[in-house]
Number of protein chains: 2
Amino acid sequence: MEKRVTIYDIAKAVDVSVATVSRVLSNSSYPVSPELKRKIKAAAKELGYRPNMIGRQLKTNNSMTIGVIIPSISNPFYANVVLGIEEIARRSGYHVLLCNSQHSPELEAEYLQTLFDKQVKGIIISSISEQKDLINEYISKGLIVISIDQTIDNPDVYQIGFDYKKGGYLATKYLIENGHRKIAYVTAPMNRPSRHDIFKGYQEALLESGITLQEGWLQESALDDIEYQGNAYEFRNGRELVRKLLDLDDRPTAILACNDLTALGIINELHFQGVEVPNQISVIGFDNIELSQMVVPSLTTIDHPKLEMGRFACNLLLDMVNSKPIALKEIILQPKLIIRNSTSRN
Amino acid sequence: MEKRVTIYDIAKAVDVSVATVSRVLSNSSYPVSPELKRKIKAAAKELGYRPNMIGRQLKTNNSMTIGVIIPSISNPFYANVVLGIEEIARRSGYHVLLCNSQHSPELEAEYLQTLFDKQVKGIIISSISEQKDLINEYISKGLIVISIDQTIDNPDVYQIGFDYKKGGYLATKYLIENGHRKIAYVTAPMNRPSRHDIFKGYQEALLESGITLQEGWLQESALDDIEYQGNAYEFRNGRELVRKLLDLDDRPTAILACNDLTALGIINELHFQGVEVPNQISVIGFDNIELSQMVVPSLTTIDHPKLEMGRFACNLLLDMVNSKPIALKEIILQPKLIIRNSTSRN
DNA sequence: TTGAAAGCGCTAACAT
DNA sequence: ATGTTAGCGCTTTCAA
């Protein structure tokens, strides 16, 4: 392995100064004679020169890198968000450092630190930490932070949100319009605002139709985020909670789940118990992950524009990095009802 | 936003040289008096000092970053591989730059370049490019490359593979053992060695049992990788190809799919056509993605240890980076049959 | 045990 | 249009 070739090697080869080489090779707008330009480019190619970004970065203080901190990339929801982020980043010449916090506040904090140390221009985070002090501390040090899919209470944090409440409302309303009056909500712990907001929308829709939420309709998992074990957690959650629903004297005819994975668990258990979906019980999911259209029965669900969320977040981040004027400091993406085959008229 | 604090600020504050500060704050083994050590650490904390890794990197030529190039993170298969990679990287203080090639050779090439420019210590790649010259070129420049899940013909590229042929064999054998004699293989284009290897295992199992592969049993998609549109492609592929199977005069009683997503497409279409799985036709998938256990019927499939593949790849890469002795330059992970409910006796 | 100073590869202000 | 040189923040050799 030969030593890496630097602009000094090229300067020597063409017999010009490093400044001229730098001007040509970094596409500076500074004028250089076409003749030299050609020779320098030729020499660079000849010698197999590749710029050392670390050197450039130290000088320009621009790492052209953004950090992304999410709970886990194995969650198809986040995978799509990240895909959207990376797409926009790439188009602007940026790279993405991917960090899975694994639902651990400690890991999240550690990543926040090391990303800052690596001079990322900004980070996009879906924080699972209850404590936002550390984030605020880094913001005060100049770090640009975009929060996705959940609220950080700091005027300097720009947010890309999603109207979960309306999503919960739309889903519940749809069930009611289809003749359902006994509707349950099955959810992972509501310590995450998103899940609680879905509940609020659900409540509102019930209220609006004069339906009183019955004891037992709300099934909330007791487990903590900590106990997440990949996506199997959500699935198992659905399976376990729906059993309690079946035990009720007056069974619901429809179930709203806090996400598609949970809905799959619910359907799975119902199938196992000999209850037909949607004939006997309708099930509606949340998020519209790609797989929700691939299962049988395909999932009626609420679409969450994941790719767009990623794109929005990254565009916003890049605008802030480049100190462009920011139109909106908070974007709330809108839910959309996707009607498929896991729901039917009652 | 205040200017970032550097070791100079601390040196000034404590009235020592930057050398001493550096020694303390970079955890150098170089001796510094406990007294000074304490004072320097206190000042660093007081001033909110955080090291600038770019400066360190330029000096030490160590970016503590690895690059990962995969087709798409939205594919749950790769998501899990990446999760494994990141887990190991983090434990060694490394970060992961995530690059989605989107099945585009051009994008893959671009990423290879920019990762090299960013001084990554090495990359883990699942290359979709037919041309491996560029990779070889960078290897000759000293880049360390680990190839996952497919072969790069270069003695300097270490590989983490998977025995697809045996997987295909195991799956087919299982079907035969369950009384099936008419078994089809439905696959995305076999330009990817993995898919072709599954086919070879399938052939071998048939041959071993004296079954002649009938015209029409092999259903290979005509579409190119280029046309991938997320995972929906695989799914649609399964749906479309299985129709041709149903058109056959002598329908197969079992179908092997090149991956789980394709199997889901197959099952979906069969359901739509009123064919019961597994009662009328058995379907077996490949990969054992998390979702294969969540669907109804749950998928009989071949397990591919995705997380482990990521971990192995990253451990190998780190060993190479640290020029540790490498025991094996090629690791072939083994398939495992997972029996669930999409297959039955014929 | 501490400090001075060179230098990693690059850019950019300044000089010519 | 081209060259000289300082310096980004850090580590490390060498000298004290």
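Lettering follows sequence order; numbering is per chain, from 1.
- Distances shown here put a side-chain N or O of B:Ser33 below 4.0 Å from the OP1 or OP2 atom of C:dT2.
- Looking at the side chain of A:Thr20, the nearest of the listed nucleotides C:dA6, D:dT2, D:dA6 is D:dT2.
- Rounding to whole angstrom units, NZ of residue B:Lys59 and P of C:dA6 are separated by 12 Å.
- By the 6.0 Å contact criterion, NZ on B:Lys39 is open, its count of non-hydrogen atoms from other residues, nucleotides or ligands being 12 or less.
- For A:Asp153, the CG atom is loosely surrounded, since the number of other residues' heavy atoms within 6.0 Å does not exceed 12.
- Dashed line: the shortest gap from a side-chain N or O of B:Arg56 to OP1 or OP2 of D:dG9 is not under 4.0 Å.
- A close approach under 4.0 Å does not occur between any side-chain nitrogen or oxygen of A:Ser22 and OP1 or OP2 of C:dC10.
- Rounded to whole angstrom, the span from the CD atom of A:Gln119 across to the P atom of D:dC8 amounts to 14 Å.
- Nearest approach of B:Tyr111 to A:Arg90, heavy atoms of both residues: OH-CD, 3.1 Å.
- Comparing C:dC8, C:dT11, D:dG3 by their nearest atom to the side chain of A:Arg23 picks out D:dG3.
- A:Leu36 comes within 4.0 angstrom of sugar-phosphate atoms only, judged by non-hydrogen atoms across all strands, and of no base.
- Counting to the nearest Å, the P atom of D:dG3 and the CG atom of A:Asp15 are 8 Å from each other.
- In summary, the side chains of A:Lys118 and A:Ser63 do not present any donor paired with an acceptor at a separation below 3.5 Å, with no hydrogens or angles considered.
- B:Lys12 places its NZ atom 13 Å from the P atom of C:dA4, with the value rounded to the nearest Å.
- In this structure, B:Glu46 places its CD atom where only 12 or fewer heavy-atom neighbours from other residues, nucleotides or ligands lie under 6.0 Å away.
- Scanning atom types as modelled, one donor and one acceptor separated by under 3.5 angstrom connect the side chain of A:Tyr8 and the base of C:dC10.
- Within the 4.0 angstrom heavy-atom criterion, only backbone atoms of the sugar-phosphate kind lie near A:Asn52; the bases stay farther away.
- Both A:Val18 and B:Ile7 lie close to DNA chain D; mapped to their nearest nucleotides by heavy-atom distance, the more 5′-ward contact belongs to A:Val18.
- Closest approach to the B:Ser17 side chain among C:dA4, D:dG3, D:dC10 is made by C:dA4 (side chain taken as heavy atoms from C-beta onward).
- At C:dG3, none of the side-chain N or O atoms of B:Tyr30 fall inside 4.0 Å of OP1 or OP2 (strictly under the cut-off).
- Rounded to an integer number of Å, the gap from CG of B:Asn62 to P of C:dG9 is 14 Å.
- Look at B:Thr6 and you won't find any side-chain N or O under 4.0 angstrom from OP1 or OP2 of D:dG9.
- Rounded to whole Å, atom P of C:dA12 lies 14 Å from atom CD of A:Gln57.
- A close approach under 4.0 Å does not occur between any side-chain nitrogen or oxygen of B:Thr60 and OP1 or OP2 of D:dT11.
- Between the P atom of C:dA6 and the CG atom of A:Leu58 lies a distance of 18 Å, rounded to the nearest Å.
- No cation-pi contact links A:Arg50 to B:Phe116, judged by a cut-off of 6.0 Å to the six-membered ring centre and 45° from its axis.
- In this structure, B:Ser26 reaches the sugar-phosphate backbone alone: every heavy-atom distance under 4.0 Å involves primed, P, OP1 or OP2 atoms, never a base.
- Protein atom CE of B:Met53 is 13 Å distant from nucleotide atom C1' of D:dT11, rounded to whole Å.
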